Amino acid sequence: MKQNLHIGQCIKARLEKEGRTTVWLAQQLGCHRTNLYNIYEKQTIDTGVLLRISKILEYDFFQLYSEQINV
C-alpha cells in the first residue's frame, strides 16, 4: 500500500521547482503568506483551494490523488 499523500508538501515542492516564492503564490491567491505556510503543513486541503493553486501553478495536483487509487 502506498503512503498517504501530503498535499501541502507537494505544493511547496512544485512551487520551488517552478522557481516561485511563497510570497508570489500568496499574491496570486489573494492571501497572506502565513496562510500558505499553514497549507504546507497540511496533509489535506479544501478542493476549491487546491483547484485555485492548480490553475495558478498550471499543475494538476488532483492527478496525484488519482495515482493513489488502486483500480
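The model shown is predicted, which means the values in this text are computed figures rather than measured ones.
The distance from the NZ atom of K12 to the CD1 atom of I7 is 14.5 Å, given to the nearest 0.5 Å. Rounded to the nearest 0.5 angstrom, L5 CG and Y65 OH are separated by 5.0 Å.
Applying the ring pair (Phe, Tyr, Trp, His ring centres under 6.0 Å) rule to Y40 yields no partners; only residues at least two apart in sequence or on another chain are considered. Remark: H32 engages T34 in a side-chain hydrogen bond (donor to acceptor under 3.5 Å, both in side chains) (not counting sequence neighbours). Taking the side-chain contact (heavy atoms from CB on, under 4.5 Å) definition, one finds that E18 meets it with R14, R20, sequence neighbours left out. Remark: A26 engages C31, R33, L36 in a side-chain contact (heavy atoms from CB on, under 4.5 Å) (not counting sequence neighbours). Residues meeting the side-chain contact (heavy atoms from CB on, under 4.5 Å) test with N38, sequence neighbours left out: none. The side-chain contact (heavy atoms from CB on, under 4.5 Å) check on Q28 picks up W24, I56, with sequence neighbours excluded.
Note on residues 43-58: no pairs pass side-chain hydrogen bond (donor to acceptor under 3.5 Å, both in side chains), not counting sequence neighbours.
I39 pairs in a side-chain contact (heavy atoms from CB on, under 4.5 Å) with only one of the listed residues (L25, I45, L50), which is I45.
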Next item on the list: Could you check L51 against F62 for side-chain contact (heavy atoms from CB on, under 4.5 Å), going step by step and ending with a plain yes or no?
Entry: CA-CA 8 Å; L51 179 60; F62 293 96; 4.1 Å; yes
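Counting all heavy atoms, side chain and backbone alike, K42 lies closest to H6 at O-CE1, 3.0 Å.
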